[in-house]
Amino acid sequence: MDDIFLKPFDSKAHEDEIYKSWENSGFFNPDNLPDTSQGKRSEQFSIIMPPPNANGSLHAGHALFVTLQDIMIRFKRMKGFKTLWLPGADHAGFETQVVYEKKLEKEGRSRFKMERDELYKEILDFTMENKSFMEGQLRQLGASCDWSRELFTLDDRVVKTVNETFKKLVDDKLAYRGARIVNWCPKHQTSLSNLETVSEERTDKFYYLKYGPFVIGTARPETKFGDKYVVMHPDDGRYKEYNHGDTLDLEWINGPVTATVIKDKAIDMEFGTGVMTITPWHDATDFEIAQRHDLDYEQVIDEQGKLLPIAGEFKGMKILDARDKIIEKLNAKGLLDKIDENYTHNVSLCYKCNRLIEPQIKDQWFIHMEPLAEPAIKAIENNEVHILTEQHKKVALHWLNNIRDWNISRQIVWGIPIPAKLCTECNEGFVDLQDEIKKCTKCGGAVKKDTDTFDTWFSSGQWPFITLDYPNGDDFKNYYPTSVMETGHDILPFWVIRMVMLGIYRTGTIPFKDVYLHGMVRDAKGLKMSKSKGNVISPMEVSDQYGTDALRMSLIVGNTPGTDLNLDLSKVNAYKKFANKIWNISRFVLTSIDGVNLSQKPELTHSDQKRITELNAVVSEITKYIEDYRIDLAADTAYHYVWHTFADVILEESKNSINGEDEEIKLSAQWTLYEILATSLKMLHPFMPFITETIWSKLPKKDAELLMVAEWPSPHTT
RNA sequence: GGGCGAUUAGCUCAGUUGGCUAGAGCGUAUCAUUGACGUUGAUAAGGUCACAGGUUCGAGCCCUGUAUCGCCCACCA
């Protein structure tokens with residue numbers, strides 16, 4: 001027997017070496033996989049890995065997805081499938097730029113004082129460094145993915161395909177450039193999609209102001225300088241003497257204005273006084289009203305959140321500083337009716353810096369989503385794209401049925417540049433893939449390059465067909481649509497649904513068949529991990545301390561699909577003990593069979609036959625669980641069988657037979673023990689690849705050099 | 001405002017076509033054991049499965065309602 005068994009299992013001593021032996025075998029690449037005993041591998045199984053952001057260390061959520069997907073892949077590989085797990089790395093546009101800006105701030109620098117090219121180059125270097133760091137971490141977690149096919153989201157092929165999709169969308173009139181209200185973050189100086197804002201309930205003051213004969217309500221008096229339309233519901237009896245289009249002169253914050261009466265059904269008669277003035281530049285509802293009636297609008301607040309000259313004496317002030325002063329002045333002029341101190345409402349905040357979003361009108365590129373959503377709804381409803389967790393299917397359909405246009409322009413340098421030219425005179429935008437448009441085709445004016453970049457999710461949304469080299473690559477023919485999309489439920493709308501929409505739009509086919517969504521990894525008490533709480537558990541540190549196999553088991557067992565999971569170190573420790581148990585079982589079995597000829601199957605005793613039958617039942621149970629995506633139950637079943645049946649019962653009972661005088665009984669017990677050990681290692685391999693492969697390498701008789709490509713156990717004959 | 005989910009042992013959670021004498025990990029208690037075991041094994045305590053109705057031969061599971069908690073989406077000034 002090998003000396004290594006004389007000591008307890010030491011994960012650190014084996015993991016690197018084992019991973020290298022897998023990687024060097026070439027078997028991560030489906031093209032290199034050996035034939036099975038049934039012949040060529042004819043069926044494909046493919047997963048596109050959600051590319052981790054290349055801007056920092058992997059977190060527990062990454063460890064969870066690596067484990068889940070690696071289990072699926074290893075299982076199918078052993079089952080004889082041609083398995084492709086395609087890894088990637090995400091430049092993660094805005095996310096990475098925010099990370100890098102924090103770094104700049106610490107160094108006392110600012111992106112707003114840097115040249116675009118210089119900033120881009122620095123973030124690129126930063127990302128590339130993190131990318132290779134991140135790849136090493138994926139290896140440490142045991143990811144058996146095909147590194148030869150790895151793709152970075154800024155690689156040429158990605159950019160080319162994304163640009164072509166953009167052009168197709170514009171040609172099909174599904175993408176358009178327009179002046180629309182966008183979510184503007186005054187800190188990050190970019191617009192954000194609705195999904196990139198968070199809402200928070202706040203209690204603010206609500207002001208009732210005298211506007212000519214009306215009293216209007218507002219929470220934001222600082223936007224009211226330019227208001228010259230007063231709006232009410234057409235059916236509101238209180239204001240029936242006023243007609244749509246009537247004008248009236250009245251005294252306002254900075255002097256007299258002429259107001260025009262507008263009747264619009266968007267007004268809620270129950271709210272406030274049922275009358276409001278509108279600020280189309282800084283409010284989405286107001287903007288829509290203005291559009292409906294073709295009204296004028298003017299910017300009041302600039303991109304930094306300061307008041308513009310229209311504010312007169314308040315020009316240049318920050319909005320919150322100005323608010324009280326404006327109210328003071330209105331009061332002095334007798335225009336303040338009353339203040340409601342306890343007005344609760346929801347405000348939008350930037351999801352990164354929690355600053356108030358300032359709605360602004362911007363010329364940006366938008367995608368008209370409804371036509372894209374329609375086929376996606378069908379595909380999800382009829383389970384062509386099968387979202388395994390029913391609750392998430394409902395969420396997806398709800399989201400798709402209430403979809404809104406998607407702003408894909410970002411005013412940041414870190415991303416794929418939008419391949420468009422903009423007219424400096426009429427503001428028209430043109431897609432220009434070849435950089436050949438020199439004059440505005442609408443007005444003949446000069447053009448400049450669009451300096452905006454795509455929302456990362458626009459390119460990520462095309463990831464499955466891009467990674468498989470659409471349209472002409474062999475991989476696309478062989479592996480599209482992929483078998484499973486496995487990712488966190490938090491990015492269901494951000495990513496998964498958009499992949500369905502854009503995949504169908506571009507290729508005519510759904511991008512993946514099954515969708516497995518895992519929950520969030522929380523701390524031992526179920527709290528969200530966050531740096532500020534100091535409860536972040538680094539999976540890499542856990543892997544170092546307890547071993548990757550133990551970490552993987554603790555992330556899997558008890559983790560029902562779609563629900564959140566608490567990562568508890570005492571649980572990790574329990575599976576570390578389990579690894580040690582497997583180690584010692586192997587040690588015992590290998591000691592017990594030393595020198596025995598295993599190639600000749602002996603006559604089995606009745607009780608050994610029963611053990612083999614029992615083993616068969618466990619194998620089929622685990623197989624079925626994995627095929628049903630109940631990986632938690634599969635892992636738990638394997639755990640209990642190996643510990644509480646194999647070790648506690650079978651192995652204990654075998655001691656009598658092995659130490660007894662009867663050679664036939666002894667041989668039967670030895671053969672049975674070895675068979676159960678070899679089969680157990682196979683069953684455990686997808687979950688605990690490192691320790692099982694380490695032990696496998698010491699086995700005297702086996703059907704494959706590497707356990708990774710050994711055949712998944714089929715029922716033994718007794 | 002709309003949608004989705006949760007409520008099971010001291011703690012964290014499983015329990016998916018209704019058959020449960022309700023399980024796991026951690027924790028607790030007692031005993032045993034240097035024997036493959038950086039220990040492990042055996043045994044035990046601990047649950048009116050949130051609450052109230054209903055369907056059923058049978059409900060932790062299905063239906064209705066109530067309470068509490070959580071999450072997602074949303075332009076009411």
Side-chain angles (χ1 to χ4, degrees), chain A residues 1 5-10 181 183 194-195 197-199 206-209 216-221 223-224 227 231 266-279 282-289 343 345-346 348 359 388-399 401-404 489-490 492-493 519-520 522-526 528 553-554 557-592 628-630 632-633 636-637 639-640 643-644 647-649 651-652 654-655 673:
Chain A
M1 199 191 63
F5 285 108
L6 297 177
K7 288 179 185 168
F9 178 63
D10 176 5
I181 283 271
N183 300 301
N194 290 337
L195 289 174
T197 65
V198 290
S199 68
F206 192 75
Y207 307 92
Y208 289 88
L209 309 175
I216 60 156
T218 183
R220 302 201 57 192
T223 65
K224 297 279 139 196
D227 289 11
V231 192
I267 300 298
D268 179 353
M269 288 186 267
E270 309 294 318
F271 188 86
T273 56
V275 187
M276 70 174 193
T277 61
I278 57 168
T279 313
H282 301 292
D283 184 281
T285 310
D286 295 5
F287 177 76
E288 282 171 19
I289 293 171
Y343 172 61
H345 61 152
N346 287 324
S348 284
L388 298 164
T389 32
E390 194 62 29
Q391 71 268 34
H392 295 120
K393 179 176 170 177
K394 286 182 194 163
V395 170
L397 288 172
H398 183 256
W399 194 80
N401 283 316
N402 295 285
I403 202 155
R404 308 186 63 216
H489 71 68
D490 56 328
L492 174 64
M520 302 296 100
R522 300 168 175 281
D523 76 358
K525 289 175 189 152
K528 212 171 192 173
M553 282 298 274
S554 66
V557 177
N559 185 1
T560 329
T563 52
D564 291 352
L565 167 86
N566 299 345
L567 180 56
D568 186 342
L569 289 180
S570 67
K571 189 176 170 190
V572 185
N573 194 45
Y575 290 107
K576 185 185 176 181
K577 284 184 189 167
F578 179 52
N580 195 52
K581 191 78 182 178
I582 299 169
W583 191 251
N584 279 294
I585 290 169
S586 307
R587 171 180 173 182
F588 176 84
V589 174
L590 291 179
T591 311
S592 306
D628 290 346
Y629 295 101
R630 289 309 305 265
D632 55 324
L633 298 179
D636 201 35
T637 304
Y639 168 85
H640 279 102
W643 196 317
H644 300 299
D648 289 351
V649 180
L651 200 142
E652 285 304 324
S654 77
K655 286 176 183 171
L673 277 183

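Chain letters run A, B, ... following the sequence lines, proteins first and then strands; every chain starts at 1.
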With side chains defined as the heavy atoms from C-beta onward, is the minimum distance between A/P359 and A/F287 less than 4.5 Å?
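No. Closest side-chain heavy atoms not under 4.5 Å.
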Are the side chains of A/L651 and A/I585 in contact, using a 4.5 Å heavy-atom criterion?
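Yes, close enough: below the 4.5 Å cut-off.
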Between [M] and [N], how far apart are the [atom1] atoms? Round to whole Å, please.
N: B/C61; M: B/C20; atom1: C1'; result: 11 Å
N: B/A36; M: B/U17; atom1: P; result: 42 Å
N: B/A59; M: B/U21; atom1: C1'; result: 16 Å
N: B/U55; M: B/U48; atom1: P; result: 26 Å
N: B/C26; M: B/A67; atom1: C1'; result: 31 Å

Just the table, please: protein N/O against nucleotides 6-12 of chain B N/O, every pair under 3.5 Å.
{"unit_1": "B/U12", "atom_1": "O3'", "unit_2": "A/N566", "atom_2": "ND2", "d": "2.4"}
{"unit_1": "B/U12", "atom_1": "O2'", "unit_2": "A/N566", "atom_2": "ND2", "d": "3.1"}

Please list, chain by chain and in numerical order, all residues satisfying side-chain contact (heavy atoms from CB on, under 4.5 Å) with A/L565, sequence neighbours excluded.
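Checked A/L565 against side-chain contact (heavy atoms from CB on, under 4.5 Å); matches are A/L555, A/N559, A/K571.
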How would you list, by chain and number, every residue that makes a side-chain contact (heavy atoms from CB on, under 4.5 Å) with A/F271, sequence neighbours excluded?
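So A/F271 forms a side-chain contact (heavy atoms from CB on, under 4.5 Å) with A/F206, A/D268, A/Y343.
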Hunt down any stem RNA chain B takes part in, defined as 3 or more consecutive Watson-Crick or G-U pairs whose two distances are each under 3.5 Å.
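B:1-7 with B:67-73, B:10-13 with B:23-26, B:28-32 with B:40-44, B:50-54 with B:62-66 - these are the stems of 3 or more pairs that involve RNA chain B.
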Kindly write out the residues that satisfy side chain to side chain donor-acceptor pair (under 3.5 Å) with [X], not counting sequence neighbours, or none if the list is empty.
X: A/D523; value: A/N535
X: A/S570; value: A/D568
X: A/Y629; value: A/D514
X: A/T277; value: A/K224, A/D227

May I ask you to establish whether A/K581 and A/Y639 are in a cation-pi arrangement, using a distance under 6.0 Å from NZ or CZ to the six-membered ring centre and at most 45° from the ring axis?
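Because its charged atom misses either the 6.0 Å distance or the 45° angle limit, A/K581 does not stack over A/Y639.
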Side chain of A/K394 (C-beta onward), nearest among B/G5, B/A24, B/A36:
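When the side chain of A/K394 is considered, B/G5 is the closest of B/G5, B/A24, B/A36.
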Please determine if a side-chain N or O atom of A/T218 lies less than 4.0 Å away from the OP1 or OP2 oxygen of B/A77.
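No, outside the criterion.
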Under 4.0 angstrom, heavy atoms only, what part of the nucleic acid is A/L651 near: base, sugar-phosphate, or nothing?
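Contact class for A/L651: base.
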N/O to N/O distances under 3.5 Å, protein versus nucleotides 17-23 of chain B:
none

Identify the pairs formed between an N or O of the protein and an N or O of nucleotides 69-76 of chain B at a distance under 3.5 Å, and give each distance.
{"unit_1": "B/A74", "atom_1": "N6", "unit_2": "A/N346", "atom_2": "ND2", "d": "2.9"}
{"unit_1": "B/A74", "atom_1": "N1", "unit_2": "A/N346", "atom_2": "ND2", "d": "3.2"}
{"unit_1": "B/C75", "atom_1": "OP1", "unit_2": "A/R404", "atom_2": "NH1", "d": "2.3"}
{"unit_1": "B/C75", "atom_1": "O2'", "unit_2": "A/T285", "atom_2": "OG1", "d": "3.1"}
{"unit_1": "B/C75", "atom_1": "O2", "unit_2": "A/T285", "atom_2": "OG1", "d": "2.5"}
{"unit_1": "B/C76", "atom_1": "O2", "unit_2": "A/D268", "atom_2": "OD2", "d": "3.4"}
{"unit_1": "B/C76", "atom_1": "N3", "unit_2": "A/D268", "atom_2": "OD2", "d": "2.8"}

What does the B/S/- profile of nucleotides 40-47 of chain B look like, 5' to 3', with a 4.0 Å heavy-atom cutoff to protein?
SS------
Identify, between A/H392 and A/Y639, the residue whose nearest nucleotide on RNA chain B lies closer to the 5' end.
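Nearest-nucleotide comparison on RNA chain B picks A/H392.
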Could you list the residues that satisfy ring-ring contact (aromatic ring centres under 6.0 Å, His included) with A/H282, not counting sequence neighbours?
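Residues passing ring-ring contact (aromatic ring centres under 6.0 Å, His included) with A/H282: none at all.
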